[in-house]
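Written below as structure tokens is the structure these notes are about.
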Amino acid sequence: MSDLDKTNSGSTPTNFIRNIINKDLESGKRTSVATRFPPEPNGFLHIGHAKSICINFGIAADYQGTCNLRFDDTNPAKEESAYAVAIAKDVQWLGFNWNGEIRHSADYFEKLYSFAEELISKGVAYVCELSMEQMREYRGTLTEVGKNSPFRERCIEDNLGLFKRMRAGEFEDGTIALRAKIDMGSPNINMRDPVIYRIKKAHHIRTGDAWCIYPTYDFTHGISDAIEGITHSLCTLEFEDHRPLYNWFLDNITIDCHPQQIEFSRLNLEHTITSKRKLNQLVVEGIVDGWDDPRMPTISGMRRRGYSPAAIRDFIGRTGVTKKVHTVEMTLLENSVREDLGDKAPRAMVVLKPLKVTITNYPEEKVEEIAAARHPQNESMGTRKIYFSKTLFIDQEDFRESANKKYKRLVQGKAVRLRNAYVITCEDFVKDEQGNIVELLCRYDENTLGKNPEGYKAKGVIHWVSGSHSKLATVRLYDRLFNIANPAAEDNFIDAVNPDCLQIIDNARVELSLVESKPEDVFQFEREGYFCADRYEHERGKLVFNRTVTLRDSWAKIEAKG
RNA sequence: AGCCCUGUAGUGUAGUUGGCAACACACGAGACUUUGACUCUCGUAUCGCUGGUUCGAACCCAGUCGGGGCUUCCA
């Protein structure tokens with residue numbers, strides 16, 4: 001949790017929810033704060049959930065309150081245990097600890113059933129035998145009021161008996177339901193006698209076959225909040241119209257706690273999709289390699305990409321909390337990632353597209369060991385050994401036969417600094433039959449290790465590795481999954497998938513120190529970007545790195561302008 | 001169309017008793033640099049629109065226009 005404090009303390013900006021809580025605490029309406037994160041275990045958590053997690057756990061932590069993790073498992077047809085396991089792990093990985101044991105709405109099924117009986121006894125709930133189609137007709141539309149069900153005035157005793165028979169399994173799915181008796185003429189459709197219990201003869205991941213009737217979300221959620229003593233029930237905007245119903249249930253049952261539901265807007269991210277259905281489609285159609293593919297906006301995908309929990313939390317903090325629909329730029333996320341990794345990631349040199357360089361005036365068998373800083377601004381991170389020899393590799397992008405003055409890399413006849421080593425001058429180059437440059441012939445200046453050359457200047461600094469002291473590695477260059485800002489608005493979002501979202505390089509040359517790296521270790525490959533050793537596939541004998549994010553690249557902008 | 005919510009730089013937020021519109025990211029210009037990185041400096045808004053109240057309005061009032069959500073026995 002110390003990691004958490006570092007990024008959040010003091011810098012948490014205020015928002016309308018905190019303002020409400022502050023007032024509640026000042027007025028004495030509340031004396032403590034209790035929140036909850038209530039996912040349905042029907043899919044994997046994504047960046048949108050991260051917002052809800054950060055808000056709920058973050059507020060609880062800042063007010064010395066508690067935050068429960070509760071699985072909202074009221075629909076056995078859609079829920080799976082595997083999702084529940086993955087969700088809990090993701091929450092922990094993000095750096096949060098829930099209060100006590102994991103809760104489940106299913107744990108309250110017996111209480112919920114009693115509360116339903118209470119509503120029936122008070123004459124504000126009834127068993128309705130309208131079919132689903134009929135119920136839809138009776139409900140009316142957005143502009144027309146609904147009409148009362150013919151079963152609405154059934155007597156309390158009959159309702160009680162029928163409800164018991166529902167529980168006993170005497171009716172088939174969809175034939176009968178328990179409804180709240182509210183107002184079929186309400187302009188808020190949620191108040192038009194909503195269903196509170198339906199028949200579902202399905203196996204539940206937690207209660208097994210104990211029940212064949214299941215409470216609906218609206219009935220379950222608020223009561224579960226109240227049972228847990230939640231003070232502020234924070235949810236997304238689409239539940240706004242459900243708030244009157246949330247309150248109605250709590251006002252009509254006997255319970256001594258009435259949490260306040262507060263809605264905030266969902267997180268939308270440019271170039272990203274956060275619909276569970278659409279993310280599933282990407283997986284099913286094999287467009288990505290699974291829910292944890294580094295291109296996915298899932299928590300597990302971002303983890304595999306190399307985004308740290310601190311970076312994700314920082315990003316969420318920067319997006320703020322309001323009720324207005326918004327779409328955040330991808331650069332904001334990338335900035336949080338770079339800022340975090342800039343401090344934490346040790347530097348290393350990796351050549352993605354190797355171009356052989358022969359130092360013509362360097363002795364054949366000589367090898368020099370150089371101690372290179374792991375971090376230019378943080379000496380405490382120490383040094384690693386790199387090796388200089390007659391045969392080196394630089395990146396193909398770092399050499400041109402000729403170039404204008406803006407090009408600060410190696411050009412024939414010009415000098416350049418090899419990062420952490422000597423200044424070299426390119427004298428000649430070799431082309432193959434196809435005209436590709438395959439080798440550079442350069443001289444090195446032996447008086448330039450740790451000092452500037454005398455009488456001339458090196459134009460720039462490029463990275464390199466030694467031919468004899470480097471290893472081959474697989475490097476995956478990830479780019480945004482969608483080129484367009486709002487793929488969700490497309491008729492077919494699959495068509496908007498960026499064809500270049502993954503480039504696999506299997507002959508990258510990495511400096512020797514990287515052989516020691518472990519899965520999930522992060523690095524800055526100098527002048528290229530931040531990378532992490534793959535969580536699953538990276539091993540000592542088979543190095544696999546994923547690009548987390550590139551470095552900011554002002555040269556790309558200059559070059560694009562021409 | 002009924003009900004509910006929402007409009008402040010390119011983007012996201014702050015602006016809580018009316019008093020020079022703040023911050024971050026992005027973008028542009030420059031400095032520094034053994035990473036074209038980092039860091040630093042400077043620049044960028046007639047607060048959706050119209051009218052009213054006021055010495056003074058992002059903020060108060062009226063109207064208007066735009067964006068979003070709601071018609072699952074989903075959550």
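Numbered from 1 within each chain, the chains take letters A, B, ... in sequence-line order.
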Worksheet item: With no angle test and no hydrogens, is the base of B:A37 tied to the side chain of A:H463 by a donor-acceptor pair under 3.5 Å?
Response: no
Discussion item. Measuring to OP1 and OP2 of B:G7, would you say a side-chain N or O of A:K323 lies under 4.0 angstrom away?
Written reply: no
Worksheet item: Quick one: is A:T141 getting a side-chain N or O under 4.0 Å of the B:G2 phosphate, OP1 or OP2?
Response: no
Practice prompt. Choose from B:C70, B:U16, B:C25 the nucleotide whose nearest atom is closest to any side-chain atom of A:D241.
Written response: B:C70
Worksheet item: So what does A:E528 hit on the nucleic acid, given a heavy-atom distance under 4.0 Å: a base, only sugar-phosphate, or nothing?
Response: nothing
Fill in: Closest-nucleotide ordering on RNA chain B, the 5'-leading residue of A:T216 and A:Y530
A:Y530
Discussion item. Only pairs with both distances under 3.5 Å count, Watson-Crick or wobble alike; so what is the partner of B:C47 in this structure?
Written reply: none
Worksheet item: Is there a Watson-Crick or G-U wobble partner for B:C59 with both distances under 3.5 Å, and if so, which one is it?
Response: none
Worksheet item: Nearest to the side chain of A:E329, which nucleotide is it out of B:A26, B:A14, B:A24?
Response: B:A26
Worksheet item: Mind checking who B:U71 pairs with, Watson-Crick or G-U wobble, both distances under 3.5 Å?
Response: none
Item to complete: Establish, with yes or no, whether the OP1 or OP2 oxygen of B:C70 is under 4.0 angstrom from a side-chain nitrogen or oxygen of A:H242.
Response: no
Discussion item. Whether A:R206 engages the ring of A:F71 as a cation-pi pair (distance to the six-membered ring centre under 6.0 angstrom, angle to the ring normal within 45°) should be assessed.
Written reply: no
Practice prompt. If B:C40 has a Watson-Crick or G-U wobble mate with both distances under 3.5 Å, name it; if not, just say none.
Written response: B:G30
Fill in: A:D62/A:R18 under salt bridge (Lys or Arg N to Asp or Glu O under 4.0 Å): CA gap, chis, key distance, verdict
CA-CA 10 Å; A:D62 290 350; A:R18 284 168 187 274; 2.9 Å; yes
Worksheet item: Base, sugar-phosphate alone, or nothing: which one does A:I558 contact when heavy atoms must sit under 4.0 Å apart?
Response: base
Worksheet item: When you check the phosphate oxygens OP1 and OP2 of B:C74, does a side-chain N or O of A:R198 lie under 4.0 Å from one of them?
Response: yes
Response to the item:
Among the nucleotides B:G68, B:A26, B:G69, whichever has the atom closest to the side chain of A:V325 is B:G68
Discussion item. Whether the side chain of A:E144 and the base of B:U71 hold a donor-acceptor pair under 3.5 Å is what I'd like checked.
Written reply: no
Item to complete: Measure from the side chain of A:N335, starting at C-beta and using heavy atoms only, and say which of B:C25, B:C73, B:U35 lies closest.
Response: B:C25
Discussion item. Quick check for you: among B:G2, B:C27, B:C38, whose closest atom lies nearest to any side-chain atom of A:P187?
Written reply: B:G2
Worksheet item: Looking only at side-chain N and O atoms, does A:K408 come under 4.0 Å of OP1 or OP2 in B:U33?
Response: no
Worksheet item: Are A:T327 and A:L269 close enough that some pair of their side-chain heavy atoms sits under 4.5 Å apart?
Response: no
Worksheet item: Touch check for A:P376, heavy atoms < 4.0 angstrom, all strands: base, sugar-phosphate only, or nothing?
Response: base
Worksheet item: Is it the case that A:R419 places NZ or CZ above or below the six-membered ring of A:W464, under 6.0 angstrom from the centre and within 45 degrees of the axis?
Response: no
Practice prompt. Check A:F163, A:Y214, A:F115, A:W211 against A:Y197 for a ring-ring contact (aromatic ring centres under 6.0 Å, His included) and give me the one that passes.
Written response: A:F163
Practice prompt. Check whether any side-chain nitrogen or oxygen of A:R552 sits under 4.0 Å from OP1 or OP2 of B:A26, and answer yes or no.
Written response: yes
Discussion item. Looking at A:R527, I'd like to know whether one of its side-chain N or O atoms comes within less than 4.0 Å of OP1 or OP2 on B:U34.
Written reply: no
Discussion item. Taking the minimum atom-to-atom distance to the side chain of A:R318, which one of B:C25, B:A75, B:C73 wins?
Written reply: B:C25
Practice prompt. Could you please name the partner base of B:U35, counting Watson-Crick and G-U wobble pairs only when both distances are under 3.5 Å?
Written response: none
Practice prompt. Ignoring backbone atoms, test whether A:K200 places a side-chain nitrogen or oxygen under 4.0 Å from the OP1 or OP2 oxygen of B:C74.
Written response: yes
Worksheet item: Checking only heavy atoms, does the side chain of A:R192 share a donor-acceptor pair with the base of B:U71 at less than 3.5 Å?
Response: no
Worksheet item: Can you check whether A:Y217 stacks with the B:A75 base, using ring centres under 5.5 Å and planes within 30°?
Response: no
Discussion item. I want to verify a distance call: between B:C38, B:C74, B:U13, whose nearest atom is closest to the A:H326 side chain?
Written reply: B:U13
Worksheet item: In whole angstroms, how far is the P atom of B:G12 from the CD1 atom of A:I316?
Response: 15 Å
Discussion item. At 4.0 Å (heavy atoms only), tell me whether A:Y407 reaches a base, stays on the sugar-phosphate, or touches nothing.
Written reply: base
Discussion item. Is A:R347 close enough to B:C38 that one of its side-chain N or O atoms is under 4.0 Å from OP1 or OP2 there?
Written reply: no
Worksheet item: Can you tell which of B:C4, B:C25, B:G69 lies closest to the side chain of A:E240?
Response: B:C4
Item to complete: Tell me which of A:R243 and A:E270 sits closer to the 5' end of RNA chain B, going by the nucleotide each one is nearest to.
Response: A:R243
Discussion item. Applying a 4.0 Å non-hydrogen cut-off, can you work out what A:G174 is touching in the nucleic acid: base, sugar-phosphate, or nothing?
Written reply: base
Discussion item. Nearest to the side chain of A:R139, heavy atoms from C-beta on, is which of B:U72, B:G36, B:C70?
Written reply: B:U72
Practice prompt. Indicate, with yes or no, if the rings of A:Y422 and A:Y444 have centres closer together than 6.0 Å.
Written response: yes
Discussion item. If the cut-off is 4.0 Å, is A:S554 near the phosphate of B:A37, judged by side-chain N/O to OP1 or OP2?
Written reply: yes
Practice prompt. Starting from P on B:C59, measure out to CZ on A:F16 and report it in whole angstrom.
Written response: 21 Å
Worksheet item: So, do A:F219 and A:F249 have ring centers that fall under 6.0 Å from each other?
Response: yes
